[in-house]
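Structure first, then comments.
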Amino acid sequence: MALKMVKGSIDRMFDKNLQDLVRGIRNHKEDEAKYISQCIDEIKQELKQDNIAVKANAVCKLTYLQMLGYDISWAAFNIIEVMSASKFTFKRIGYLAASQSFHEGTDVIMLTTNQIRKDLSSPSQYDTGVALTGLSCFVTPDLARDLANDIMTLMSHTKPYIRKKAVLIMYKVFLKYPESLRPAFPRLKEKLEDPDPGVQSAAVNVICELARRNPKNYLSLAPLFFKLMTSSTNNWVLIKIIKLFGALTPLEPRLGKKLIEPLTNLIHSTSAMSLLYECVNTVIAVLISLSSGMPNHSASIQLCVQKLRILIEDSDQNLKYLGLLAMSKILKTHPKSVQSHKDLILQCLDDKDESIRLRALDLLYGMVSKKNLMEIVKKLMTHVDKAEGTTYRDELLTKIIDICSQSNYQYITNFEWYISILVELTRLEGTRHGHLIAAQMLDVAIRVKAIRKFAVSQMSALLDSAHLLASSTQRNGICEVLYAAAWICGEFSEHLQEPHHTLEAMLRPKVTTLPGHIQAVYVQNVVKLYASILQQKEQAGEAEGAQAVTQLMVDRLPQFVQSADLEVQERASCILQLVKHIQKLQAKDVPVAEEVSALFAGELNPVAPKAQKKVPVPEGLDLDAWINEPLSDSESEDERPRAVFHEEEQRRPKPRPSEADEEELARRREARKQEQANNPFYIKSSPSPQKRYQDAPGVEHIPVVQIDLSVPLKVPGLPMSDQYVKLEEERRHRQKLEKDRRRKKRKEKEKKGKRRHSSLPTESDEDIAPAQQVDIITEEMPENALPSDEDDKDPNDPYRALDIDLDKPLADSEKLPIQKHRNAETSKSPEKDVPVVEKKSKKPKKKEKKHKEKERDKEKKKEKEKKEELSVNAVTAPKDEYEDAKTEARGEEDDAEGQDQDKKSPKHKKKKHKKEKEERIKGKKKSKKQPPGSEEAAGEPVQNGAPEEEQLPPESSYSLLAENSYVKMTCDIRGSLQEDSQVTVAIVLENRSSSILKGMELSVLDSLNARMARPQGSSVHDGVPVPFQLPPGVSNEAQYVFTIQSIVTAQKLKGTLSFIAKNDEGATHEKLDFRLHFSCSSYLITTPCYSDAFAKLLESGDLSMSSVKVDGIRMSFQNLLAKICFHHHFSVVERVDSCASMYSRSIQGHHVCLLVKKGGDSVSVDGKCSDSTLLSSLLEEMKATLAKC
Amino acid sequence: MIKAILIFNNHGKPRLSKFYQPYSEDTQQQIIRETFHLVSKRDENVCNFLEGGLLIGGSDNKLIYRHYATLYFVFCVDSSESELGILDLIQVFVETLDKCFENVCELDLIFHVDKVHNILAEMVMGGMVLETNMNEIVTQIDAQNKLEKSELYLQHLWGSRKEGGRTKTSLLQAGLAGAPARAVSAVKNMNLPEIPRNINIGDISIKVPNLPSFK
């Protein structure tokens, strides 16, 4: 029996693996769903088994089914079980399934934390690797917080395979847990120079992703990247770096200048198209950022444009596409250089590849000028007619409108032409952009007063042909145009030639087939029209005529009253009653026209799209209380150009019924548009089956909407807008030859008198005078509009959280949380609130913790110890990359652990073998603290400084400035690479009294050579306020920038801190004098240097030399170097036995090279530097440091 | 960042889907369908870039694809990736598959999607390119396979069974032979003879002898 069960389970084990499942699905093509559900049942059975192999097999199959679209979230727990299998094979299956199906909403995901941590520290690199890979796909904020420290440790793993994965995943961790960015950043930066190219590439990758979102925080890395760019041969890394520079240059034009040359060289030298392309792209970005003040500018542009032309002319479509893409970037700033390639771009419009055509279209947008707009649009119109597929045609349509309306209709000289283009576009079948055309019509008609008459005549013609539009195009958007047409005819009815005719057109029964919102506009505007007809008739004394119109209204309006659309119905019944009332009055011969037209009196002014947002909040208004339903945010979608604030037209538009309706409709339309845009499921309308005009042999035969207008020179057979092209040419010609007789002759031909020609004779083509008085009315803004450019920022941008200043020193509270044992937490003392990372500050606490724990819980001790070791591993200080490249990271962590043990009281020293290492360890430890600016050095405010053990060199770079009974000032001076000749002085103020310190001011006496950067407008003698107050016992840091002219000698500045100390007894005014000592070392910036570059530097012979010798030094060479590195900002280039070369660079770019040798008790330092004074000052300082050793 | 990697065949059947952003299963299927719809209607001799579909995020994104024999390899990436670089990455991916499966064909992908995932995981991690050096990728995969073999002594979960009787059509050979125009363009990208491919990934000296399929 039992045997049978075992056998059964083994059978099942072999029952079906992934391949069988796939084969089965392929064999059950007809009833696939049924077969799969059967398989899922089997899988469920398999998951109930205890055998992990069976479970893994089941999960493997589930992963496949997930790809086919089956939800497998129900198996999440089983997946975790498989993840925790001890065998790699199963673990990998588990992690793969998790990476495919887990997401932030998966509730069991929190159960994985410990498993993942265990896998991350697994001795097998593949266990770690697979955990990292899986985690990268499903990391959540909680996981990121809990595991950040473990992953950071892995960034220094011995195996490059793990290092590169750990580096990459940090990006995901940063995204989910932005607090981890600052503590992890120094190590990430270190990895940029990792000896393994894979790790280096990963670090570049991560920093590029980070910098792309918040470039300004990464400017300080520019020199390092610059070095990488000039030294790297890996194209993949090069491309990333070059792309990064593209993002950085807009913020730092000087960087751009530096880049141009190496990039140009790369462009000339590289044979890789991808690299060439990215170089061109970045050069373009540089040129954009420099847009002025570069003499050899044009050469670079020419080079780019020329290279791009080669790409575009290439037969490879990919290169052609990319060439056009890059060209459009140049276009923005240097349209002239692109315009000369118009031929090429127009040629691309005919390409068979739609992607390429779209790119070419983008380019056209920027190539128009007043001169060629008509010509280009004409070309596009022919493309519209030829285009296959609605998508491309719609794209063309929007492009035409974009091109014409860009920058407030800047390039349109003849609005009659534009209106006719819009009217022509209404002939497009199946377009989705009816509302766009309508919006343009409305915008132009409202904002260009001179065009209203013409617009009205065109619109009335459109209304007249409404039957055509309404019948065939109801389902697609073009009927939206009627909305605009009806409104324009109604609003500007005084311009109508035959208002009666139009009125009848608007009251046709067919109208009721239109969508509701359009009918509503019809109804409303019929009344406006009616009012104006009434007025005309009454003024002419045609009482019968007036009554006839009223009768027409009474007859026709009921068809709208029956409408199913509420809006239409309501308006229609309201108006019907009104008209009936008028009819009664008319019967009594009462003049009504005045009163009726009074309903629609007043001028409409366009309102800026963002006007509503900019209304300042009046005092005392509670905006949190809802008055009505909230408005949608649609304004921000609007891309119409913002008008300049206009003084005369500040009054708010009068609310009128028609306008309210307008707004309501527009808003709804907007909302719909936005909804469609945001709705990922919205699929564009499929190509319309009928394309009526497509079969026509040519443009000439396109049936023109019959418009009976006062349009002159009707060339038979030509579409309307073409006439304007001709007319315009003639007009311009005429303008040029104003004095010519022919002008008069032509003018006679031109029967239309209403055309207003600019009387200005213009010779320059660029200043072509517009045909109409283009009085584009600026859009209204509310009074006291708030100037704000915040509109475009998306508050939900996940990358905003990563906008973190990375140069600021690390505060204690920012350290990554470390998993602590529960016991430790219960015995928490108040100062332990802050997660402890720094060794120094940790030491006493740890003792305490340990001690308590011992008393409390002896059994758990072993486990606890382990945990603590782990946490110590995690905080291993950033290592000196040059030395540690060879050292095994694992070993080092052990060392760190040993060291820690060592620091604890002797009773905790358990592992004796560690003791033996002691000597070595200490040397190491110190060397690890070398890089200043790393979290260790910078983040160690002095107030944490517990008394040092003798063997350790002081860690803090902060030195005492001054102190009295109230306050202690310590300061650190750092050079900044971004600004030549500037140093930042960070002053930590610690309140030692029981009073509150406030009103603190720092006044420093400037010298000729060193000046403090003060806020604008304050004089040299004014104090600079300290931006905080200090409650008792609190310390805080303030930073000040000083500009130094000559950095070759050290100098001192006198200063005073004045403050008010306030306690219960009262307040006193206090002062503390101090002396800021700018040592030459503080002008140095730790700059890594490779030995080959170092050798080259020494060989160059440009450096002057000097040396010092100090005797009686007992300190080990290792510690000595550490001291020099730490206090004098050097980095070790190379070390051989007791001899080391070191390098540093000043903020003004001096190179300083040192050769440090130790023999017996004496140390000699030979220095070479590009400035001899600087060198001797530096060596003096160094001598002082060494003498203390 | 790479947003998603999709492999599907000429009929739109998914062979591998890897999303680096969370989507529900339904959305994933919809994305695959839509992407297939976009990609499949394109001619062979048009460019390999497509402005992203509606489903997979926004205007910043692009679809970059290659078509080999019966399979489409589609990468959806944002603007931080180099277009030509990704094209090469796809090529590296396919060549790696070719090495690991010995003349890879669609059937290999059908029956061993898990292995394909494992290979992909060595190239792209969490949407970022991890490794572009084919040698390195293959080394890691081989080492993992060895580890796996040592672990599995009883169960043969990992396809020692052969897919009976079918002749394999290698993707790479068919892909290149089937579309001569494409091959020409690919070679041009790679700038033969100096550098084997336009992204000179990793160490040149290791790289060169590494392209058997282009001889």
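It should be emphasised that the depicted structure is a prediction, and the values quoted were computed from it without experimental measurement. Proteins come first, then strands; the chains are lettered A, B, ... in the order of their sequence lines, and each starts at number 1.
Side-chain contact of B:Asn48 with B:His67: a donor-acceptor pair under 3.5 Å is absent, judged by distance alone. Checked by atom type, the side-chain pair B:Glu106/B:Asn9 shows a donor-acceptor distance below 3.5 Å. Side-chain contact of B:Gln21 with B:Tyr23: a donor-acceptor pair under 3.5 Å is present, judged by distance alone. B:Ser80 and B:Asp78 form a side-chain donor-acceptor contact under 3.5 Å, judged by distance and modelled atom types alone.
For the set A:Gln100, A:Lys172, A:Lys352, A:Glu278, the entry with the most heavy-atom pairs within less than 4.5 Å of chain B is A:Gln100.
Looking at B:Glu81, both its backbone and its side chain come within 4.5 Å of chain A, counting heavy atoms on both sides. At a 4.5 Å heavy-atom cutoff, the contact between B:Gln29 and chain A is made by side-chain atoms alone. Interface remark: A:Phe88 contributes backbone and side-chain atoms alike to the contact with chain B (heavy atom separation under 4.5 Å). Heavy atoms closer than 4.5 Å to chain B are found in the side chain of A:Tyr161, but not in its backbone. Of the atoms belonging to A:Lys243, it is side-chain heavy atoms, and not backbone ones, that fall under 4.5 Å from chain B. Contacts between B:Ser79 and chain A at a heavy-atom distance below 4.5 Å involve backbone atoms as well as side-chain atoms. Neither the backbone nor the side chain of A:Ser201 comes within contact range of chain B, judged by heavy atoms closer than 4.5 Å. In this structure, the portions of B:Val129 lying under 4.5 Å from any heavy atom of chain A include both its backbone and its side chain.
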- May I have the step-by-step check of side-chain hydrogen bond (donor to acceptor under 3.5 Å, both in side chains) for B:Ser24 and B:Thr27, ending in yes or no? CA-CA 5 Å; B:Ser24 74; B:Thr27 320; 2.7 Å; yes
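B:Gln140 is linked by a side chain to side chain donor-acceptor pair (under 3.5 Å) to A:Tyr126, B:Glu136, counting only residues two or more places apart in sequence or in another chain.
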